[in-house]
Colleague: 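Take this structure, written in structure tokens, and hold onto it; I'll ask about it next.
Side chains are part of it too, since the values below use all heavy atoms of this structure and drop only hydrogens, waters and symmetry mates. The chains referred to below are lettered A, B, ... by the order of the sequence lines, with proteins before strands, and numbering in each begins at 1.
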Number of protein chains: 2
Amino acid sequence: MRLPPFLTLTALEAAARHRSYSRAARELFVTHGAVSQQIRKLEDELGTKLFVRQGNAMVPTATGQRLAGHVTDALATLRAGVDEARLAANGPLVISSSAAFARGWLVTRLERLAREVDEPDLILRAEDRVADLTTDGVDIALRFGLGAWPGVEVATLMIERLFPVCSPDFLVRHPIREPRDLLDVPLLRHVGLPWSMWLTAMGVDEVPRQQGLGFEDTALMLDTAAHGVGVALARSGLAERDLREGRLVRPFADTMGGEVAVETGNHFVWRADSPKLARILKLRDWFLAETAGLRG
Amino acid sequence: MRLPPFLTLTALEAAARHRSYSRAARELFVTHGAVSQQIRKLEDELGTKLFVRQGNAMVPTATGQRLAGHVTDALATLRAGVDEARLAANGPLVISSSAAFARGWLVTRLERLAREVDEPDLILRAEDRVADLTTDGVDIALRFGLGAWPGVEVATLMIERLFPVCSPDFLVRHPIREPRDLLDVPLLRHVGLPWSMWLTAMGVDEVPRQQGLGFEDTALMLDTAAHGVGVALARSGLAERDLREGRLVRPFADTMGGEVAVETGNHFVWRADSPKLARILKLRDWFLAETAGLRG
DNA sequence: CCTAACTTGTGAGCCAGACTAACGACCCCA
DNA sequence: TGGGGTCGTTAGTCTGGCTCACAAGTTAGG
């Protein structure tokens, strides 16, 4: 059978709780007349009195009290559900990024991001393991890779370029003119990014004569290079800050490009079914605009 | 925080259940446009999508599904509460009466009652123990007594009168002219209504010379009298039908009144806080009209 | 006892919110 | 490729629930 209007039931609930139409009306931001009318109609519909007057108080009858209790429960359920949905949509927006990318590219732009994007609750999580968007409470991942992961949406921010970097004083101590000169200096290498990729592209087929340190962490490798230990093969996105701030320099950037495009890009990754989708898309658009020149 | 409009939430719930705005709209007896608008507004308010299109179906997102589940629960709670209230107010109206009164007075009027009072679900419960209006599921009790019980409302229907009755053939076999003659015939007695009450009022101070049968059940006593076993002391309300239908007669009704008013009346008893109050009052008014001449 | 400040009851009239209608776009299936 | 289904969106209508205003009853204090 048809349910009475919901507003009517909430009026009953508030009135039963307050034992007063007037106080219920104040809680509901209506006049006492509205509450009175609602309850009168409900009593007519149910065919029974729900309140009896006791002096200036309106006390619910047993029937009214029981019904009000049910309505209280239902309201709590609704409130819990809506709060949960609101939290899902309005809770913090978590971005997961590698420590290297966070340190090398992101942090220098965070201030402008905060200024230009209306996003009140952004959390940056720097972690080197690859976060799982479905289970780790992460809304956005900034990932290196081919840009094809199952079940997620991907926007490519930048195509990575590779070039050697070292500290300025290292460059003074070791005069490097052309790619071939690198074969005789300490080469810092990342386990996922062999020097041969770059040397081959530069037309150097020989193998380095010095076995340098190996790293699993790009940020640490660049830090080491900045301390004058050797030459590292850097990705454009990660070294940008160190270059700009002078901790690293590019050996023969003036004489030749010294860069080689690699297939891997830097991607902005999210789930299309995220409850925070609208906020994610605003952020994505900002990132795409920010990296507009880096995808050629 | 403020709850979204309830209609909006029910639209969400129905749409999630049907995986279709159109089917939801049909269930809610509105157009698909109404559902579409409601859900669009809710998505705006929560800041997240609640449905995604899949071909011709609208499937709820995880957030939409969870919220819909909560709304389903809340609706079930509301429905249960309202049904309970409706049942309390519209369930069967139970009248408890003694078997004697039911048989002797009530049954002959039930047909007219059914015709004249709009009461679709009346249950007559004949039981000799005194029903408890608060716990026995009884809405109305027809009780003999002083008419003062705690916590209940009372309307007095009739003032009882006492008079002797016997079967017509008994009267032929035992010529009874005056009250004193009863001292020599078998007197059937009810345990709660001694003959002395009536004899004393008639100016007869002697005790009956024959000890007759004793009864706890008035109806059984009158039945026994109707079979010619003896003379019973009857209450007006209970013997009326047997008198009218000729099974019992009043020995000296023609020569003298032969009646004596007793204090106990026959009352219509109910609880003022009954959820069925409106129906009870209609019935009370009918009973009062029916017994209008019996309270002098 | 009177008054002031409460309370609820009730009816007239107004307004926002929810609806319908109607059109367009898309999807699916025969 | 067309027909029957879906949803999106807008403009315009209507009605349920509101406010307002007044009446009447209750309480508490001087």
Colleague: For A/L7 and C/dA18, what is the distance between atoms CG and C1' respectively, to the nearest whole Å?
Modeller: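 Computing the A/L7:CG to C/dA18:C1' distance gives 13 Å.
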Colleague: Nearest whole angstrom, please: distance from the C1' of D/dT15 to the CZ of B/F29.
Modeller: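 Taking atom C1' of D/dT15 as the reference, CZ of B/F29 is at 19 Å.
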Colleague: Does a salt bridge link A/R112 with A/E290, judged by any charged N lying under 4.0 Å from a carboxylate O?
Modeller: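 Salt bridge: yes.
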Colleague: Do A/F268 and A/L288 make a side-chain contact, defined as non-hydrogen atoms from C-beta onward lying under 4.5 Å apart?
Modeller: no
Colleague: Quick test of your reading of the model: are A/E13 and A/R17 salt-bridged, counting only N-O distances below 4.0 Å?
Modeller: yes
Colleague: Tell me whether the side-chain N/O atoms of A/K41 come closer than 4.0 Å to OP1 or OP2 in D/dG17.
Modeller: yes
Colleague: Decide, yes or no, whether a salt bridge links A/R115 with A/E111 under the criterion of side-chain N to carboxylate O below 4.0 Å.
Modeller: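 The answer is yes: the pair qualifies as a salt bridge.
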Colleague: Heavy-atom count around B/R66 CZ within 6.0 Å, excluding the residue itself: above 12?
Modeller: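 No, because the 6.0 Å sphere around CZ of B/R66 holds 12 heavy atoms or fewer from other groups.
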Colleague: Return the nearest nucleotide to the side chain of A/M58; candidates are C/dG9, D/dT6, C/dC19.
Modeller: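 Closest of the options to the side chain of A/M58: C/dG9.
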Colleague: Could you give the CG-to-P distance, from A/D44 to C/dG9, as a whole number of Å?
Modeller: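 My rounded result for the distance is 12 Å.
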Colleague: For A/F6, answer base if it contacts any base atom (sugar-phosphate contacts may also be present), sugar-phosphate if it contacts only those atoms, and nothing otherwise; contact means non-hydrogen atoms under 4.0 Å.
Modeller: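 Contact class for A/F6: none.
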Colleague: Is a donor-acceptor pair below 3.5 Å formed from side chain A/Q54 to base D/dT26, judging by atom type as modelled?
Modeller: no
Colleague: Hey, does B/G55 reach any base, or is it just sugar-phosphate, or nothing, if we go heavy atoms under 4.0 Å?
Modeller: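 Here B/G55 touches the backbone only, sparing every base.
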Colleague: Toward the 5' end of DNA chain D, which comes first, B/Q37 or A/Q38, by nearest nucleotide?
Modeller: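 Going by which nucleotide is closer to the 5' end, it is B/Q37.
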Colleague: Output the residues of residues 60-69 of chain A in contact with DNA chain C, where contact means a heavy atom of the residue under 4.0 Å from an atom of the strand; sort by number or write none.
Modeller: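 Correct list: empty, so none.
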Colleague: Going by 5.5 Å between centroids and 30° between planes, is there a stack of A/H32 over C/dT7?
Modeller: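 Ring-base stacking flag not set for A/H32 and C/dT7.
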Colleague: Could you tell me the separation between the CZ atom of A/R40 and the P atom of D/dG17, rounded to a whole number of Å?
Modeller: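 Those two atoms, CZ and P, are 13 Å apart.
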Colleague: Contact between A/T63 and A/L50 at the side-chain level, heavy atoms closer than 4.5 Å - yes or no?
Modeller: yes
Colleague: Strictly below 4.0 Å, heavy-atom distances to any atom of DNA chain C: list the hits from residues 20-27 of chain A, or just say none.
Modeller: A/S20, A/Y21, A/S22, A/R26
Colleague: Are any non-hydrogen side-chain atoms of A/W105 and A/L157 less than 4.5 angstrom apart?
Modeller: no
Colleague: Using whole Å, what does the distance between atom P of nucleotide C/dT8 and atom CG of A/L12 come to?
Modeller: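 Nearest whole value for this atom pair: 14 Å.
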Colleague: Under 4.0 Å between a side-chain N or O of B/S36 and OP1 or OP2 of D/dG8?
Modeller: yes
Colleague: Which residues pass the side-chain hydrogen bond (donor to acceptor under 3.5 Å, both in side chains) test with B/R53, not counting sequence neighbours?
Modeller: none
Colleague: With heavy-atom distances below 4.5 Å as the criterion, would you say the side chains of B/L3 and A/L75 are in contact?
Modeller: yes
Colleague: Please give, in whole Å, the distance from C/dT8 P to A/F51 CZ?
Modeller: 10 Å
Colleague: In whole angstrom, what separates A/E43's CD from C/dT8's P?
Modeller: 13 Å
Colleague: I'd like to know if A/E119 and A/K282 make a salt bridge, using a cut-off of under 4.0 Å between side-chain N and carboxylate O.
Modeller: no
Colleague: Whole angstroms only, please: what is the CG-P distance between B/L28 and C/dA18?
Modeller: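 Distance check: B/L28 CG to C/dA18 P gives 14 Å.
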